[in-house]
Amino acid sequence: MSTPDRHIAFEALHNFRDLGGYRAADGRPLRWGRLYRSDSLGKLTSEADLSAFAALGVRTVIDLRHGFEIEARGRVPERTGVTWHHLSIEHRPYDQATLGPEVKAGPYLAERFREVAEDGVAEIRRALDVIADPDSGPLVFHCASGKDRTGQLAATVLALLGVDEDDIVADFELTHRIRALLRASHVANHGSEPTWPDYGHAPAEVMERFLAGLTADYGSVRGYAEKRLGVDEALVERLRETLLEPSA
């Protein structure tokens with residue numbers, strides 16, 4: 001399916017995407033309508049958006065944000081009836097909006113991703129367990145903008161399924177399509193423009209550096225998952241059976 005079809009339109013959400021269609025190592029594609037990634041579901045306030053969300057049949061939400069973000073911006077409305085998991089994978093908060101022009105997105109964000117990979121092992125592992133549960137879907141995981149923490153978890157899931165690295169990087173880059181909306185959202189929420197020229201950008205270099213770093217340290221993303229997250233073949237098989245189309 002073409003790139004535009006991954007984005008699902010809402011009034012207030014800008015980065016809600018379906019992860020279906022990517023092919024795993026065994027050739028099977030991820031099921032459409034089973035696993036979604038998004039920006040903050042606290043923005044689901046209009047009746048139109050709530051109806052659009054209900055039509056997807058989402059049963060489970062994983063919120064990757066800090067507690068202070070949820071307190072300030074809200075969580076997925078309880079009226080949606082979803083099972084909500086709060087798993088804050090980022091332990092060292094930082095403010096991208098206030099960075100200066102000398103900071104380059106590629107190396108800077110890749111290093112932040114590496115911090116999350118090492119700090120958030122308990123939360124990342126728990127998220128993988130929830131995603132692998134056949135009774136959890138359809139499921140959506142999200143952070144604030146649906147770019148970095150969400151992108152990192154998406155990359156981990158896709159890599160464990162054996163999705164090609166080029167597809168993993170391309171999925172991360174899709175946020176580029178809504179970078180102007182992310183900047184506008186920051187202005188609306190904070191009353192000022194971000195000082196960082198790269199705010200809202202999702203260049204391929206970020207994900208490429210992150211994946212290369214895990215490979216250098218652990219041999220592969222699978223090696224990282226085994227050594228740091230305690231992921232075994234049984235969990236990977238549950239991910240395959242839950243997320244992939246059945247074998248022909």
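Within the structure, salt bridge (Lys or Arg N to Asp or Glu O under 4.0 Å) pairs that include any residue of residues 182-197 comprise R183-E193 (at least two apart or interchain). Among pairs with a residue in residues 213-239, those fulfilling ring-ring contact (aromatic ring centres under 6.0 Å, His included) read Y218-Y224, at least two apart in sequence or across chains. Listed by first and then second residue, the salt bridge (Lys or Arg N to Asp or Glu O under 4.0 Å) pairs that reach into residues 9-19 are R17-D171, sequence neighbours excluded. Applying the side chain to side chain donor-acceptor pair (under 3.5 Å) test to residues at least two apart or on different chains, the pairs with a partner in residues 124-133 are R125-D129.
L161 is listed as a side-chain neighbour of L239, based on a closest heavy-atom distance under 4.5 Å. When side chains are defined from C-beta on, I62 does not count as touching V140, because their heavy atoms never get closer than 4.5 Å. Counting heavy atoms from C-beta on, the side chains of V163 and L30 come closer than 4.5 Å. Considering only heavy atoms from C-beta on, E111 stays 4.5 Å or farther from R209 through its side chain. Two residues are said to be in side-chain contact when any heavy atoms from C-beta on lie closer than 4.5 Å; I168 and L211 meet this criterion. A 4.5 Å side-chain heavy-atom check between K227 and D217 finds every atom pair outside the cut-off. Within the 4.5 Å cutoff, side-chain heavy atoms of N189 are placed close to those of R73. At a threshold of 4.5 Å between non-hydrogen side-chain atoms, the residues R92 and D119 count as touching.
Taking CD from E118 and CD1 from I124, the interatomic distance works out to 9.0 Å, rounded to the nearest 0.5 Å. Put simply, CD on E245 and CZ on R23 are 9.0 Å apart, with the number rounded to the nearest 0.5 Å. Taking CD from E123 and CG from L87, the interatomic distance works out to 6.5 Å, rounded to the nearest 0.5 Å. A distance of 7.5 Å separates CD of E241 from CG of L244, quoted to the nearest 0.5 Å. Note that the OG atom of S185 and the NE2 atom of H190 stand 7.5 Å from one another [nearest 0.5 Å].
The side-chain contact (heavy atoms from CB on, under 4.5 Å) test applied to A97 returns D95, H186, P194, Y199, not counting sequence neighbours. Taking R112 as the reference, Y94, Y108, E115 meet the side-chain contact (heavy atoms from CB on, under 4.5 Å) condition, with sequence neighbours excluded. Judged as a ring-ring contact (aromatic ring centres under 6.0 Å, His included), and not counting sequence neighbours, the contacts of H176 are H201. For Y22, there are no ring-ring contact (aromatic ring centres under 6.0 Å, His included) partners, not counting sequence neighbours. Not counting sequence neighbours, the partners of D166 by the side-chain contact (heavy atoms from CB on, under 4.5 Å) test are D164. For E47, the side-chain contact (heavy atoms from CB on, under 4.5 Å) partners two or more places apart in sequence, or in a different chain, are L50, R79. The ring-ring contact (aromatic ring centres under 6.0 Å, His included) search around F16 returns F10, Y36, not counting sequence neighbours.
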Practice task
Kindly determine whether E71 and R65 satisfy salt bridge (charged side-chain N to carboxylate O under 4.0 Å, His left out), including the steps that lead there.
Solution key: CA-CA 10 Å; E71 184 175 350; R65 295 175 299 162; over 6 Å; no
Practice task
Quick one: do R222 and V236 satisfy side-chain contact (heavy atoms from CB on, under 4.5 Å)? Show the steps, please.
Solution key: CA-CA 9 Å; R222 177 69 179 268; V236 175; 3.7 Å; yes
Exercise for the section: List the steps, then state whether side-chain contact (heavy atoms from CB on, under 4.5 Å) holds for E226 with D232. Expected result: CA-CA 6 Å; E226 291 175 350; D232 57 14; over 6 Å; no
Exercise for the section: Decide yes or no on side-chain contact (heavy atoms from CB on, under 4.5 Å) for L44 and V76, but give the supporting numbers first. Expected result: CA-CA 7 Å; L44 281 174; V76 61; 4.3 Å; yes
Handout entry: Trace of the side-chain contact (heavy atoms from CB on, under 4.5 Å) decision for L35 with F141
Key = CA-CA 8 Å; L35 185 63; F141 56 91; 3.8 Å; yes
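Side-chain contact check for R177 and H7: at least one donor-acceptor pair (N or O, by modelled atom type) lies under 3.5 Å. A donor and an acceptor atom, one from each side chain of R59 and S136, are nowhere located under 3.5 Å apart. Side-chain atoms of D148 and Q96 form a donor-acceptor pair, as typed in the model, at a separation below 3.5 Å.
Using a distance-only test at 3.5 Å, with no hydrogens or angles considered, no donor-acceptor pair links the side chain of T60 to the main chain of T83. Judged purely by atom type and a 3.5 angstrom limit, T195 uses its side chain to pair as donor or acceptor with the backbone of L99. A distance-only check finds no donor-acceptor pair linking the side chain of W84 to the backbone of D63 [under 3.5 Å]. A side-chain donor-acceptor contact under 3.5 Å links Q152 to the backbone of F113. At least one donor-acceptor pair under 3.5 Å links the side chain of E69 to the backbone N or O of H66. Between the side chain of N15 and the main chain of T175, no donor-acceptor pair closer than 3.5 Å is present. Here the side chain of S38 pairs no donor or acceptor atom with the backbone of H142 at under 3.5 angstrom. Side-chain N or O atoms of D167 include none that pairs as donor or acceptor with a backbone N or O of A170 at under 3.5 Å. At distances below 3.5 Å, not a single donor-acceptor pair connects side-chain atoms of R240 with backbone N or O atoms of D26. Side-chain N or O atoms of D49 include none that pairs as donor or acceptor with a backbone N or O of T45 at under 3.5 Å.
Nearest heavy-atom pair across T242 and R31 is O-NH1, 2.8 Å. The two atoms that bring A154 and L19 nearest to each other are CB-CD1, 4.4 Å, heavy atoms only. Heavy atoms only, all atoms of each residue included: P203 and E173 are closest at C-CG, 4.3 Å. Here the closest non-hydrogen pair linking P138 and G57 is CD-O, 3.2 Å. Of all heavy-atom pairs between L160 and A225, the closest is CD2-CB, 3.7 Å. Between S40 and G74, the shortest heavy-atom distance links the atoms OG-O, 4.3 Å.
Cluster membership for L64 and L174, using ILVMFWY side-chain heavy atoms within less than 4.5 angstrom, is shared. With hydrophobic clusters built from ILVMFWY side chains whose heavy atoms lie under 4.5 angstrom apart, L181 does not share a cluster with L41. There is a path of hydrophobic side-chain contacts, each under 4.5 Å, that joins V121 to L153. Linking ILVMFWY side-chain heavy atoms closer than 4.5 Å, directly or via other members, places L229 and L158 in a single hydrophobic cluster. Criterion: ILVMFWY side-chain heavy atoms under 4.5 Å apart, direct or through other members. Under it, V169 and V116 are part of a common hydrophobic cluster.
F68 shares a hydrophobic cluster with no other residue; no ILVMFWY side chain has heavy atoms under 4.5 Å from its own.
Annotation: E102, atom CD; neighbour count of heavy atoms from other residues, nucleotides and ligands within 6.0 Å is above 12. Residue E233 places its CD atom among more than 12 non-hydrogen atoms of other residues, nucleotides or ligands, all under 6.0 Å distant.
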